[in-house]
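This report refers to the structure that appears directly beneath it.
As the structure is a computational prediction, the values presented were derived from the model and not from experiment. Every chain is numbered from 1, with letters handed out A, B, ... down the list of sequences.
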Protein chains: 2
Amino acid sequence: MEKAIAEIAARLGNDSISIDDEVLFSHGFSEWSNHNADRLPVAVVFPSNTEAVAQIVKICKMYRIPLIPYSGGSSVEGGISAPYGGFSIDFVNMNKIVELHREDMDVVVQPAVSWMDLNEKISESGLFFPMDPGPTAQIGGMVGTNCSGTNAVRYGTMRDWVLNLTVVLSDGSVVKTRRRPRKSSAGYNLNGLFVGSEGTLGIVTEITLKLAPVPEATAVAVVSFQSMRSAAQAAVAVVRKGIPINCVEILDDVQMSVINRVGNTDRLWEEAPTLFFKFAGSEGIVKESIAEVSKIIKDHGGSDFQFSKDEKSQKQLWSARKEALWSMLSLRTSGTGVWSTDVAVPLSRVADLIETCKKDLDETGLFGGMVGHVGDGNFHETILFDGEDEKAKVEKCVHDMVENAIDMDGTCTVRLNPFKIEDFMLTNWTS
Amino acid sequence: MEKAIAEIAARLGNDSISIDDEVLFSHGFSEWSNHNADRLPVAVVFPSNTEAVAQIVKICKMYRIPLIPYSGGSSVEGGISAPYGGFSIDFVNMNKIVELHREDMDVVVQPAVSWMDLNEKISESGLFFPMDPGPTAQIGGMVGTNCSGTNAVRYGTMRDWVLNLTVVLSDGSVVKTRRRPRKSSAGYNLNGLFVGSEGTLGIVTEITLKLAPVPEATAVAVVSFQSMRSAAQAAVAVVRKGIPINCVEILDDVQMSVINRVGNTDRLWEEAPTLFFKFAGSEGIVKESIAEVSKIIKDHGGSDFQFSKDEKSQKQLWSARKEALWSMLSLRTSGTGVWSTDVAVPLSRVADLIETCKKDLDETGLFGGMVGHVGDGNFHETILFDGEDEKAKVEKCVHDMVENAIDMDGTCTVRLNPFKIEDFMLTNWTS
């Protein structure tokens with residue numbers, strides 16, 4: 001390890017590597033995550049271009065040192081962990097928007113570009129990048145995790161938006177997956193393989209992303225229901241009807257009370273199972289879509305639509321939804337434990353699973369809430385806990401959730417036991 | 001080879017394998033394709049389930065015999081070719097719709113299910129499978145080629161619609177790529193890797209496909225332009241505006257004259273560069289989208305929209321577009337040669353490339369036309385020829401087209417020389 005550190009410092013400069021304790025801690029441990037390994041990285045390297053990454057990889061390969069790419073560090077599922085030590089590669093010096101191609105509707109970026117900054121910087125082009133994960137996520141980690149977020153119903157997931165990748169492979173060679181056309185079936189789909197591979201197949205150093213036109217009009221609508229089951233059923237019915245919504249999110253009573261208590265929006269919301277809808281398109285299309293969704297909501301016993309009328313209150317409301325996890329954490333009075341889950345099931349089972357999980361969650365008596373990208377059959381629970389007794393309760397609740405999802409022909413990305421992280425390969429990417 | 005044939009016959013029955021000359025010819029040669037190898041397969045096998053495929057693969061692995069999966073046989077790019085001999089695997093006995101899950105909006109099928117049959121059989125569910133390649137294509141080959149077709153602007157390509165695959169690997173082991181939820185980032189994206197791999201990574205024996213809701217209303221609109229350039233520019237402008245069209249197709253004057261001469265539609269169309277638009281959604285959304293597209297068309301000097309008013313004439317018109325290639329072939333008076341191309345470029349270069357290629361095509365003086373999924377930057381030329389002189393002209397034209405596309409940061413799937421097909425791996429799939 002020491003030899004590798006010295007070689008990297010000699011080749012790339014002393015500033016390119018750190019073994020400072022605080023730096024190691026901040027790259028190997030996250031208080032947002034319950035999936036922290038019991039080790040930290042041995043060093044953190046700071047490459048400034050693809051060639052530097054290739055050199056680092058070659059040196060680390062020689063000394064058999066694991067590499068863990070690091071961009072936004074917002075992973076809640078152990079993405080930044082260094083369970084076998086090794087070096088964290090922080091892309092902070094690779095945070096440039098390389099080229100914007102307005103006419104082609106694409107943009108070339110480095111891994112440490114924040115998706116929110118990107119959208120701000122390109123806003124006058126009339127284009128935007130439609131994935132929307134946590135606010136602090138960066139493109140590198142979004143590639144590694146195949147990120148999605150609330151817009152996935154309309155825009156799909158990260159792999160649908162990556163046109164090409166520049167990747168450093170484990171032998172230090174550099175490949176570019178493909179060229180820039182929006183559609184291609186030539187050769188193997190390497191984009192699709194690298195996206196979501198969590199850095200285990202190579203280290204992504206440059207990304208060309210498709211962009212979408214900014215819609216002319218948007219609207220956010222909120223509607224509450226008697227039960228999580230009827231809310232979930234209504235959401236699935238909207239998706240099955242094929243109405244062009246941007247997203248539909250489900251929040252339980254606890255999450256709604258968190259939004260009220262944090263108080264970032266200009267009104268109080270009913271603390272009941274709730275659907276948030278986002279509509280986008282031309283004025284006419286938004287109006288038409290709202291009318292159709294209203295009909296379905298009424299059939300499922302939903303309340304009248306509450307609209308966010310202006311752009312400012314739409315943003316407030318949507319950011320309240322987006323920051324639900326952070327808001328919960330900010331409200332905790334004690335305790336260091338938080339467990340987040342991520343399951344997805346076929347559409348016909350969403351209501352069943354949500355109902356069961358909500359019941360199990362309530363029975364723990366702990367502070368925990370449920371939010372979900374319900375249009376995709378995907379949702380999350382976040383539960384806070386304190387001490388071993390509470391942890392055992394959460395553990396049972398999470399295990400049951402995952403087993404139920406799998407019994408329903410579903411899937412999960414939560415690890416069942418955060419402290420026994422499975423074998424990692426060479427590298428491990430984080431968002 | 002003989003030993004392998006005997007073993008397969010012994011294990012799976014005499015009906016499961018054929019060495020009949022006509023059968024070999026029909027599986028190794030296609031008159032639609034200019035990419036025929038100079039050999040035929042040595043035998044054709046007819047498995048009736050995944051287990052039989054696994055047995056065939058194990059036997060062929062032992063004797064090092066190449067395998068070429070075969071479903072619809074509609075490939076124009078050598079997909080069915082057996083350049084090294086070997087066995088063609090025909091899935092004709094694996095043509096069942098295994099399970100339709102209405103509520104989950106998915107369906108499990110075998111490889112030799114025709115996409116058109118599928119849509120007919122599931123039509124009363126209110127769902128459909130939105131890829132639309134050539135009319136005779138089957139799901140197995142559509143997986144192998146990552147098929148798309150005219151609906152790609154709205155619905156994406158095959159890889160966006162595959163939920164999971166059952167695949168026989170080259171050692172005869174059977175894997176299932178994932179479970180049935182509509183969204184998952186758990187594990188590597190094996191679907192995305194197998195889809196489009198042309199059978200070189202494994203043989204797909206069962207496919208779970210996402211389905212989409214059948215839109216409430218549809219409309220087809222046709223508009224003609226002074227030049228291919230202005231037609232292409234108008235199409236790109238519509239896509240950049242983000243108007244929710246199902247598809248926009250470009251056809252040149254030759255293709256329009258082919259539609260008139262074949263006479264399958266109830267009117268004569270102007271023989272000029274033409275855009276076909278398809279709209280789908282609720283009544284209101286279709287109306288709104290048409291209004292917005294009309295504005296853009298006017299700005300680009302297009303004619304007034306011609307509508308296909310009823311469902312029957314919409315179908316006629318759209319099938320005229322879909323059968324453009326076959327129609328051209330049916331009109332040829334002599335000659336056996338046809339060369340089809342497939343290129344894609346970034347959106348800003350579409351008009352440039354189309355203009356250049358149209359000029360080059362006209363200069364050959366041969367009977368050839370141009371159609372394209374222009375909203376994706378992707379288009380095709382089909383040129384008929386007779387004898388070596390004409391072939392040389394086509395060859396130059398196609399080479400120039402591909403080189404121009406690549407210079408424009410584009411891509412191609414046409415092989416530059418159909419008779420020197422590159423190294424194939426174990427298997428090679430066709431649609």
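Interface summary for chain B: among Gly281(A), Ala405(A), Pro213(A), Gly192(A), the most heavy-atom pairs under 4.5 angstrom belong to Pro213(A).
Going from atom CZ of Phe194(B) over to atom CG of Leu193(A) covers 10.5 Å, rounded to the nearest 0.5 Å. Atom CG of Asp409(B) is separated from atom CG of Asn164(A) by 8.0 Å, given to the nearest 0.5 angstrom.
Interface remark: Glu216(B) contributes side-chain atoms only to the contact with chain A (heavy atom separation under 4.5 Å). Both the backbone and the side chain of Lys241(A) come within contact range of chain B, each with at least one heavy atom under 4.5 Å from a heavy atom of that chain. At a 4.5 Å heavy-atom cutoff, the contact between Ile406(B) and chain A is made by backbone and side-chain atoms alike.
Contact check for Asn189(A) versus Val195(B): no side-chain heavy atoms found under the 4.5 Å cut-off. Looking at heavy atoms from C-beta onward, Arg349(A) lies out of side-chain contact with Glu103(B) at the 4.5 angstrom threshold.
Using modelled atom types, no side-chain atom of Arg240(A) and backbone atom of Leu127(B) make a donor-acceptor pair closer than 3.5 Å.
The two residues Asp104(B) and Leu347(A) come nearest to each other via the heavy atoms OD1-N, 3.4 Å.
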